[in-house]
Q: 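Mind having a look at this structure? Questions to follow.
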There are 2 protein chains.
Amino acid sequence: MKQDLRVKKTKKAIRHALLRLVDKKTFARISVSDICDEAEINRGTFYLHYTDKFDLLEKIQQELLDHLWMIVTTRMTEKINVLTEKPDTLKIFATELFHYLDQEADLFYMLLVNTVDPSFHNRLKGLIQKNMERLSHPAEEPVSFHVDYVMAYVTSAIVGMLQHWLANGRKIPPEEMALLVVKINLNGPMKMMSGE
Amino acid sequence: MKQDLRVKKTKKAIRHALLRLVDKKTFARISVSDICDEAEINRGTFYLHYTDKFDLLEKIQQELLDHLWMIVTTRMTEKINVLTEKPDTLKIFATELFHYLDQEADLFYMLLVNTVDPSFHNRLKGLIQKNMERLSHPAEEPVSFHVDYVMAYVTSAIVGMLQHWLANGRKIPPEEMALLVVKINLNGPMKMMSGE
DNA sequence: GATTATAATCAACACAGTGTTCATTAAGCA
DNA sequence: TGCTTAATGAACACTGTGTTGATTATAATC
């Protein structure tokens, strides 16, 4: 499953070119030609690897989401109610997640902060939700009336905080961010606004 | 300030054409030619009113945001802490908002659910935040450490619920939605998940 | 280190869509 | 009704697309 060195090199060049371009103009205004000029590769080479610029973006996204899901499923093994009883475990896990986000911050910034593709937000929310469902007990009977709305609320809120974190230069360290996310979800936002 | 009937007619045709097209393919894949074919107008006519398809989208967005802001500023006059003490007033106001969203649901659906432009989410969150800041007392001293993150949390969460509402055919009536948004923000999502 | 496989390049292609023009036709306005 | 201006249709040069076939360059394999 190893890749030819040349392939690795051009794919890397293409990604970095895209990252640079996305700072200058909207993804919608970026052409395949732009990307190839910036990456200093032949345009034909681009089409050897991707069908178009959307395909390129799609593959970047899928890779990030796959990695996130891998972290989540291999490291977050206990059920959700056990986790809320053991906030330390939860915090350790959340920290690990934020470290990955920090590591791939350039790409996440492009996808979540720059005006690139709205669907990534939704896919990320989907991942969070899938994970919450995976961790909740199946026999979690009565539940509130509009669970789906609460889900939409929580997942969007988390992605929103992530976006804010990335947009503001990730000044808060991963550990603190993780704690903040956990706390605000447990207490609710209003309680956070007034007192500590 | 009246518009020529012909102008009104073509602008309407263009909007409806866009709404129809957006159901079939991504905005990125829709061309000005597509829109004109669908609207049954000459392509030159399109350029009489908009510089390109992005300009068209931008004008639709601005109009909706302006209207939202108008509702918010003219109807929501009391300060936020007064409002939380009078949940009825808050509910009446939120209901009015949701009625407007319901009325223009096609456009909001396009902008928030269909894969069109990620920036609208942010602009909407910006509007919500601007309004919250407008309503909060200036001397609201100590406040929690990371107010900005709580803001990002709340605004994203609200837009997320909106998105879900639109995506699911707006089955919940505006009144109930308004109540749900208010309640979940006051109690926090976790309390909503377990019991009522 | 020579051989082999294949990635990258280059030039060329037809094609789709853009944004603008100008003369002509049609529709709203007063 | 006549005046004004919006909409049309055809043409324009131009940018970018996606694909091709032949050629060169560079990893991988022996």
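Letters A, B, ... are given to chains in the order of the sequence lines, protein chains preceding strands, and every chain is numbered from 1.
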Q: Under 4.0 angstrom, heavy atoms only, what part of the nucleic acid is A:T45 near: base, sugar-phosphate, or nothing?
A: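 If one applies the 4.0 Å heavy-atom cut-off, A:T45 turns out to touch a base.
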Q: Quick one: is the NZ or CZ of B:K53 closer than 6.0 Å to the six-membered ring centre of B:F27, and within 45° of its axis?
A: yes
Q: When you compare the protein's N or O atoms with those of nucleotides 1-5 of chain D, which come within less than 3.5 Å of each other, and at what distance?
A:
unit_1: D:dT5; atom_1: O2; unit_2: B:R6; atom_2: NH1; d: 3.2

Q: Hey, is the side chain of A:S33 poking within less than 4.0 Å of OP1 or OP2 on D:dT15, counting only N and O atoms?
A: no
Q: Given atom CG of A:L48 and atom P of D:dT20, what is their separation to the nearest angstrom?
A: 12 Å
Q: I would like to know whether A:K24 and A:D34 meet salt bridge (charged side-chain N to carboxylate O under 4.0 Å, His left out); could you show each step before the answer?
A: CA-CA 11 Å; A:K24 293 182 218 147; A:D34 288 339; over 6 Å; no
Q: Take atom NZ of B:K25 and atom C1' of C:dA16, then tell me their distance rounded to the nearest Å.
A: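 Interatomic distance, NZ of B:K25 to C1' of C:dA16: 11 Å.
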Q: Which heavy-atom pair separates B:A178 from B:T95 by the least distance, and what is that distance?
A: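 In this case the closest contact between B:A178 and B:T95 is CB-N, 3.6 Å.
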Q: From the options C:dT18, C:dA8, D:dG16, select the nucleotide whose nearest atom is closest to the side chain of A:T10.
A: C:dA8
Q: Can you list the stems that DNA chain C is part of, where a stem is at least 3 pairs in a row, each Watson-Crick or G-U, with both distances below 3.5 Å?
A: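 In DNA chain C, stems of three or more pairs: C:1-12 with D:19-30, C:14-18 with D:13-17, C:20-30 with D:1-11.
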Q: Measure the distance from CG on A:D37 to C1' on D:dG16 and round it to the nearest whole Å.
A: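 Rounded to the whole Å, the gap is 11 Å.
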Q: Quickly work out the A:K53 NZ to D:dG16 C1' distance and round it to whole Å.
A: 11 Å
Q: Whole-Å distance between D:dT15 P and A:R29 CZ?
A: 16 Å
Q: Any idea which of C:dG19, D:dT17, D:dA28 is nearest the B:Y47 side chain?
A: C:dG19
Q: Would you say A:M70 ends up clustered with A:L127 if hydrophobic residues are merged whenever their side chains have heavy atoms under 4.5 Å apart, either directly or through other cluster members?
A: no
Q: Which listed nucleotide (C:dC29, C:dT18, D:dA28) is nearest to the side chain of B:R43?
A: C:dT18
Q: For B:N42 and C:dT24, give me the distance from atom CG to atom C1', rounded to whole Å.
A: 12 Å
Q: Salt bridge check: are A:K171 and A:E176 linked by an N-O gap of less than 4.0 Å?
A: no
Q: How many whole angstroms separate atom CD1 of B:I35 from atom C1' of C:dT18?
A: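 Going from CD1 in B:I35 over to C1' in C:dT18 covers 13 Å.
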Q: Examine A:V7 and A:L48 and state if one hydrophobic cluster contains both, with Ile, Leu, Val, Met, Phe, Trp and Tyr joined whenever side-chain heavy atoms are less than 4.5 Å apart.
A: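 Result: no, two separate clusters.
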Q: With a 4.0 Å cutoff (strictly under), does any side-chain N or O of B:H49 reach OP1 or OP2 of D:dA6?
A: no
Q: Are the charged groups of A:D4 and A:K8 less than 4.0 angstrom apart, N to O?
A: no
Q: Over 60° means perpendicular and under 30° means parallel, so classify the ring planes of A:H67 and A:Y100, tilted if in between.
A: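 Parallel: the ring planes of A:Y100 and A:H67 meet at under 30°.
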Q: Give a yes or no on whether B:L186 and B:V154 share a hydrophobic cluster (residues Ile, Leu, Val, Met, Phe, Trp, Tyr; joining criterion: side-chain heavy atoms under 4.5 Å apart).
A: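 Yes, B:L186 and B:V154 fall within the same hydrophobic cluster.
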Q: Classify the ring geometry of A:F46 against A:Y50: parallel below 30°, tilted from 30° to 60°, perpendicular beyond 60°.
A: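 Taking A:Y50 first and then A:F46, their aromatic rings sit tilted (interplane angle of 30° to 60°).
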Q: Rounded to whole Å, how long is the line connecting atom CD1 of B:I41 with atom P of C:dA26?
A: 18 Å
Q: Nearest heavy atom decides the nucleotide; on that basis, is A:K11 or B:G44 closer to the 5' end of DNA chain C?
A: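 Of the two residues, A:K11 wins.
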